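Everything numeric here is computed off the predicted structure, so don't read it as measured data. In what follows, every heavy atom counts, from backbone to side chain, and hydrogens, waters and symmetry copies are set aside.
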Protein chains: 2
Amino acid sequence: MSTPLNGSVLKAFSILGLFSKARPEITANTVASELGTNVATAHRFLLTLEAAGALVSYRRGCFALGGTIEELGRLAESVNPIATKVQPIINEVSRDIRESVMVCRLGRRGPTCIAVAVSDQPISVKVDVGTVLPIDVTAHGKLWLAHMSKPDQSNWLKDTTQDLKDALTKIKAQGFALNQGDNEPDLGAVAVPVYGDDGKLSMTISVFGMLSRFNAPLIERSVASLTHAAKAIGA
Amino acid sequence: MSTPLNGSVLKAFSILGLFSKARPEITANTVASELGTNVATAHRFLLTLEAAGALVSYRRGCFALGGTIEELGRLAESVNPIATKVQPIINEVSRDIRESVMVCRLGRRGPTCIAVAVSDQPISVKVDVGTVLPIDVTAHGKLWLAHMSKPDQSNWLKDTTQDLKDALTKIKAQGFALNQGDNEPDLGAVAVPVYGDDGKLSMTISVFGMLSRFNAPLIERSVASLTHAAKAIGA
DNA sequence: CCTCCCAATCTCAATTTTTGAGATATTAAT
DNA sequence: ATTAATATCTCAAAAATTGAGATTGGGAGG
């Protein structure tokens, strides 16, 4: 898209992004040093977010996330019933396979993660809900591409090599896609389609984790478990 | 505060405020008609919020709340453990008294609601988390004022009548404050203090509802139940 | 209790961004 | 294939925002 965005709004969300469990409160100085803005500007943004209800201040100069964010967060969860429905299903797959599992939908900017079950292993890979994945080098992305018409594929891809076309044909035939270090060098994933009532691809679901663990047995077990989960989600 | 706020950020949150259970998706036309802005401007704000992760679009021109809002919402809840701790306690008071209950902290703009238990009666009064209450005519506000030094009271009040001073002295002595239609004509409330480890007032908790129900027996039962809850919260 | 220092907050001229009318593009229905 | 409605983009005009410096407030130390 070419529409110039609104810089102020982007800054405001950058400020909200500074909050974490380790940092439940921020000050204008926090914003200025972390985001490189002027202290006066930072202060003005904090007051604006407070006026909007996004932040609240109980101590002079200190700001915490406010009621508006909590309410919007609850609303976001409640009007997105899909995530609520799939969460227990992907939790089960994650326990079964002992790797992380995620579900994506195709947003305007690419496959977008809508639900995650992070593996309970001491060391595993995680991804944030809301993350937009590259469409050409991820298992999710390749599944979406495999289910598109050629014109739609061209809209998403700058140039489509013969290798990629062949790969997409194979993915459509075998019913799953692999990512073997294509996106991040040490990351592996296997994704399967979730079809809607209309027979169209509505979501994709994957097991993902460190590439070294994605041997043939894990891939086989993952495809089976994911396919079972996909049927449960699509019901 | 006199700092001019940032209009763009306020508009962005006004747009986010258009979402509801009844309206899980909005378009540029929705924004334009509800907020009276130009369609092009509305469209630009939606794209900006999408770029920030606050919105997500699965259909052309339609936007839903996105992952950033869910994450911020979860974060807001998790770093505000106070609300999590008090929620079961005030739920119990609400069941006991059969009226709505809320807890407030003193923010910069006045007593700010941080947790609510809405009565399960078919008809009752509710208030939103994040709401800022007037400090001079609410039970919560009067409790806060009663626990302040005189200079602090002057900071909050334009002018302090002798009646109000007398009322605050009485409130401090009796340990609870009443609102009998002072804020909204038909609204009654009774609030008690919650003291922190340092012996200072840290929160206030109230039963509130329709004024017609706030007779002497209800007030007495409420004070008892609230005082019990206040001790549990302050522990 | 007073003083000092640091952080918070405010101001307003200079600077930059934002706006919105109109044009262009896309999608869906006929 | 055409048409209509909606979405999206452009850029000159309009308006808002920025940030250096001033002012205010709170906390710590004496």
Side-chain angles (χ1 to χ4, degrees), chain A residues 1-15 18 23 25-52 55-64 106-109 148-156 198 200, chain B residues 1-15 18 23 25-52 55-64 106-109 148-156 198 200:
Chain A
M1 61 204 68
S2 305
T3 303
L5 304 179
N6 186 298
S8 297
V9 175
L10 292 175
K11 269 182 189 162
F13 276 90
S14 293
I15 291 171
L18 295 176
R23 183 155 59 192
E25 280 191 322
I26 63 175
T27 67
N29 269 329
T30 312
V31 175
S33 62
E34 292 282 340
L35 301 185
T37 62
N38 179 275
V39 169
T41 303
H43 183 250
R44 189 179 306 114
F45 271 99
L46 291 172
L47 288 190
T48 303
L49 287 164
E50 183 188 28
L55 297 184
V56 69
S57 176
Y58 299 112
R59 278 195 293 128
R60 183 169 181 262
C62 285
F63 297 84
L106 188 63
R108 184 214 313 272
R109 301 161 78 215
M148 284 180 194
S149 64
K150 286 196 189 325
D152 284 346
Q153 286 175 3
S154 299
N155 282 337
W156 281 101
D198 55 2
K200 283 177 178 173
Chain B
M1 59 205 69
S2 305
T3 304
L5 304 179
N6 186 298
S8 297
V9 175
L10 293 175
K11 271 183 188 162
F13 276 90
S14 293
I15 290 170
L18 295 177
R23 183 154 58 191
E25 281 191 323
I26 63 175
T27 68
N29 270 328
T30 312
V31 175
S33 62
E34 291 283 341
L35 302 183
T37 61
N38 178 276
V39 169
T41 303
H43 184 251
R44 188 181 306 113
F45 270 101
L46 291 173
L47 289 190
T48 303
L49 287 165
E50 183 188 29
L55 297 184
V56 69
S57 177
Y58 299 114
R59 280 193 293 127
R60 185 168 181 265
C62 284
F63 298 84
L106 186 64
R108 188 214 308 273
R109 301 162 78 214
M148 282 178 195
S149 65
K150 284 195 187 328
D152 285 343
Q153 286 176 3
S154 299
N155 282 338
W156 283 100
D198 55 2
K200 283 177 176 173

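- Across the protein-nucleic acid pair, A:Arg44 atom CZ and D:dA16 atom C1' stand 10 Å apart, rounded to whole Å.
- The distance from atom CZ of B:Phe63 to atom P of D:dT6 is 16 Å, rounded to the nearest whole Å.
- Taking atom CG of residue B:Asn29 and atom P of nucleotide D:dA7, one finds them 5 Å apart after rounding to whole Å.
- Residue B:Met148 comes nearest to B:Leu106 through the heavy atom pair CE-CD2, 3.8 Å, listed as atom of the first residue, atom of the second, then distance.
- The side chain of A:Asn38 approaches D:dA20 more closely than any other nucleotide in the set D:dA20, C:dA8, D:dT18.
- Separating the CG atom of A:Leu47 from the C1' atom of C:dC10 is a distance of 10 Å, rounded to the nearest angstrom.
- Checking the phosphate oxygens (OP1, OP2) of C:dT19, no side-chain nitrogen or oxygen of B:Thr41 falls inside 4.0 Å.
- One can place CG of B:Leu5 at 15 Å from C1' of D:dT18, the figure rounded to the nearest angstrom.
- Look at B:His43 and you'll find a side-chain N or O under 4.0 angstrom from OP1 or OP2 of D:dT8.
- Closest of all the heavy-atom pairs between B:Glu50 and B:Ser57 is OE2-CB, 3.5 Å.
- For B:Asn6 and D:dG19, the CG to P distance is 12 Å, given to the nearest whole Å.
- The CG-C1' distance, from A:Leu35 to D:dG19, rounds to 16 Å in whole Å.
- An OP1 or OP2 oxygen of C:dT18 is reached within less than 4.0 angstrom by no side-chain nitrogen or oxygen of B:Lys11.
- Listed pair A:Thr3 / D:dT8 fails the phosphate criterion, with no side-chain N or O lying under 4.0 Å from OP1 or OP2.
- Interatomic distance, NZ of A:Lys11 versus CG of A:Asn6, reported as 10.0 Å (0.5 Å rounding).
- Counting to the nearest Å, the P atom of C:dT17 and the CZ atom of A:Phe45 are 12 Å from each other.
- Of the two residues near DNA chain D, B:Val39 and A:Ser8, the one whose nearest nucleotide lies more 5' is B:Val39.
- Nearest heavy atom pair, residue A:Ser8 against residue B:Val9, reads O-CG2, 3.7 Å.
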Nucleic acid footprint by protein, nucleotides 22-28 of chain C - heavy-atom cut-off 4.0 Å, B for base, S for sugar-phosphate alone: ----SS-
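- At the heavy-atom level, A:Thr37 lies nowhere under 4.0 Å from the strands shown.
- For A:Arg23, the side-chain hydrogen bond (donor to acceptor under 3.5 Å, both in side chains) partners two or more places apart in sequence, or in a different chain, are A:Glu34.
- The side-chain contact (heavy atoms from CB on, under 4.5 Å) test with B:Thr3 singles out one residue from A:Thr48, A:Leu46, A:Leu47, and that residue is A:Leu47.
- A distance of 6.0 Å separates CG in A:Leu35 from CD1 in A:Ile15, rounded to the nearest 0.5 Å.
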